[in-house]
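In listed order, ligands and their atoms are each counted from 1.
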Amino acid sequence: QVNQAELLLFSVPAYACQRRTTLVNHNTALTDALSLLAENAELSEEEGRGVAFRRAAAVLKALPSVVTSMAQLEGLPCLGGHSLRVIRDVLENGASHEAETTKQSERYKALKVLTGIFGVGAKTADRWIREGIHTLQQLRESAQTLNRAQQAGLDHYDDLNQPVSQTEADAIGDIVQKAVACVLPGAQVTLTGGFRRGKDTGHDVDFLITHPEEGREVGLMPKIVSWLESRGFLLYQKTTRNSYLESMDGPGRPASNMDRFERCLSIFKLPDVEPQGTKEGPISAAPQKRWRAVRVDLVVSPISQFAFALLGWTGSKLFERELRRWAGHEKAMSLSSHALHDNTQSRYLRASSEEEIFAHLSLEYIPPSERNA
Ligand code: DCP
Ligand code: MG
C-alpha cells in the first residue's frame, strides 16, 4: 500500500523571481537548517556555498505543503547533493547533524556575536577571532581600534540586536515623513525592505525617497540628515554618495543623472513607542531609558530611477540576486537598482513602475508580499 502523501510531487520553476513566495513557510525545520548553513558559509566568506544553501532553502519555502519524504523532492531545482543530505537528515532524524554541530561550534558563535555589531563584517570578525577575541567583553578589553560605525554598533549592541517591530517602523516612518516634508515639500517617502514585503519584524527599517520632478531630489539627503540631527533623532549616521558612476565599466555609460543616488546608514534614537509594562524589572534607582536605538537606511533616488530603486530595495536579498541572474542568463540584460540595460540592443529600457520592469524581463509580476524567497 502506497502512502498517498508520498505521491505528492512538487513542481517549482528554477528562479526565485519566477515563484510566489509568501511568508507562510510549511517547511521551517528544513529551511532553518539550510539557512543556518548558508549563514555560516557567508560568515566564512564561502559565497558560492552560501548561495547554494539559500537557493535550496528558497525552493522549500515556495512549496505549498510540508515535505515528508525525499521522493517528493524528485525533479525540484536547486537541490544539490549537500542540501539533499541535510534535508534527508532532518526528515529521518528530526534534525540536521551538520546544522546542529555548526550552531554549537565556538567559531560560529563568535562570528555571530561579532558580526552582530553594526559595522563589523565577516572579514573583521575573522581577524578578531584569529587574535583570540570571541566575545564583546574580550573586544571591549582588547586594544582593537574601532571605527565610528563599530563603536556605535558596540554602544547600542543590545538594542540593535532586538528585532524592530511594525509599530516602531511606523513611528520611524512618521519621523522621516515629517523631516522630508519640511525640507522638500512634495518629496515622497516609501517604505522598502522586509516591511514592504509584509514582514512583522526586521533588523532595520528601509526607506526610499524621491521627488516627482527630476532633479529636485539633488542635495536632499544632507538636508534630511540635518533636520533629524538637530532634533536629536540620530545616534549615528554616515551618508555615502552612490558609487554607481565610478563602478560602471560594464555595459555602456549611464546617463549623467545616475550619479545622484545617495544612501544614509543611520542609527535612530527612537522615543519609546511599545508599551513598557513587560520591560519593568525590579525597582531600581537607575533612571529608566525612554528610547531605543534602531537601524535605519535612507536612500534618495531620482524619479527616473525610482522603479528600479524600489524593486532593488524591496528584496528579499535572494529574490534580488535571482532577478539579476535571470536578467543576465535568460534575457542578456543587466539589472541594477538604477537601470535595466538590454545588452543585445545596447540600450537602457525605461520603466516607471515595478510592473514594467517585470514585463521587460518577460516575468509574471510578483507583488512584494510574494518576494519572500
Ligand atoms: N539591498 C541592496 N543592496 C544593499 C543592501 C540592501 O540591494 N547594499 C537590498 C536587498 C534587501 C533590501 O535592500 O532586500 C533591504 O536590505 P535589508 O538588509 O534591510 O534586508 P531586509 O529588509 O529584506 O531584511 P530585514 O528585515 O532583516 O531588514
Ligand atoms: Mg531591512
Give yes if a backbone or side-chain nitrogen or oxygen of [X] is under 3.5 Å from a nitrogen or oxygen of ligand 1, and no if not.
{"X": "Glu320", "result": "no"}
{"X": "His203", "result": "yes"}
{"X": "Gly202", "result": "no"}

Subset of ligand 1 atoms that lie under 4.0 Å from at least one heavy atom of Ser316: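 Those qualifying, in numeric order: 14 (O).
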Nearest non-hydrogen protein atom, [atom]:
{"atom": "atom 26 (O) of ligand 1", "answer": "Lys199 NZ, 2.7 Å"}
{"atom": "atom 18 (O) of ligand 1", "answer": "Lys317 NZ, 2.8 Å"}
{"atom": "atom 12 (C) of ligand 1", "answer": "Trp313 O, 3.3 Å"}
{"atom": "atom 7 (O) of ligand 1", "answer": "Gly312 O, 3.4 Å"}
{"atom": "atom 14 (O) of ligand 1", "answer": "Gly315 CA, 3.0 Å"}
{"atom": "atom 23 (O) of ligand 1", "answer": "Arg197 NH1, 2.8 Å"}
{"atom": "atom 21 (P) of ligand 1", "answer": "Gly194 N, 3.6 Å"}

For the atoms OD1 of Asp204 and OD2 of Asp206, give the angle they form at the Mg ion (ligand 2), rounded to 10 degrees.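 It is 100°, given to the nearest 10°.
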Taking atom types as modelled, find out whether [X] and [Y] have a side-chain donor-acceptor pair closer than 3.5 angstrom.
{"X": "Gln151", "Y": "Tyr236", "value": "no"}
{"X": "Thr190", "Y": "Gln188", "value": "no"}
{"X": "Gln150", "Y": "Gln144", "value": "no"}

Nearest atoms (heavy-atom pairs only) where [X] meets [Y]:
{"X": "Ile366", "Y": "Cys17", "result": "CG1-O, 3.7 Å"}
{"X": "Glu100", "Y": "Ala95", "result": "CG-CB, 4.2 Å"}
{"X": "Ala56", "Y": "Ser83", "result": "CB-OG, 3.4 Å"}
{"X": "Gln138", "Y": "Gly132", "result": "OE1-O, 3.6 Å"}

Apply the side chain to side chain donor-acceptor pair (under 3.5 Å) test between Asn372 and each candidate in Arg197, Lys61, Arg20, Lys199; give the one that qualifies. Arg197
Taking both backbone and side-chain atoms into account, decide whether Asp297 has an N/O/S atom under 2.8 Å from the Mg ion (ligand 2).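 False for Asp297.
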Please state which part of [X] comes within less than 4.0 Å of ligand 1, counting heavy atoms only: side chain, backbone, both or neither.
{"X": "Asp204", "answer": "both"}
{"X": "Arg263", "answer": "side chain"}
{"X": "Ser337", "answer": "neither"}

Please verify the inter-ring angle class for Phe319 with Phe358; under 30° counts as parallel, over 60° as perpendicular, anything in between as tilted.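 Because their plane-to-plane angle lies in the 30° to 60° range, the rings of Phe319 and Phe358 count as tilted.
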Can a donor-acceptor pair be found, under 3.5 Å and without considering hydrogens, that links the side chain of Gln305 to the backbone of Pro302? no
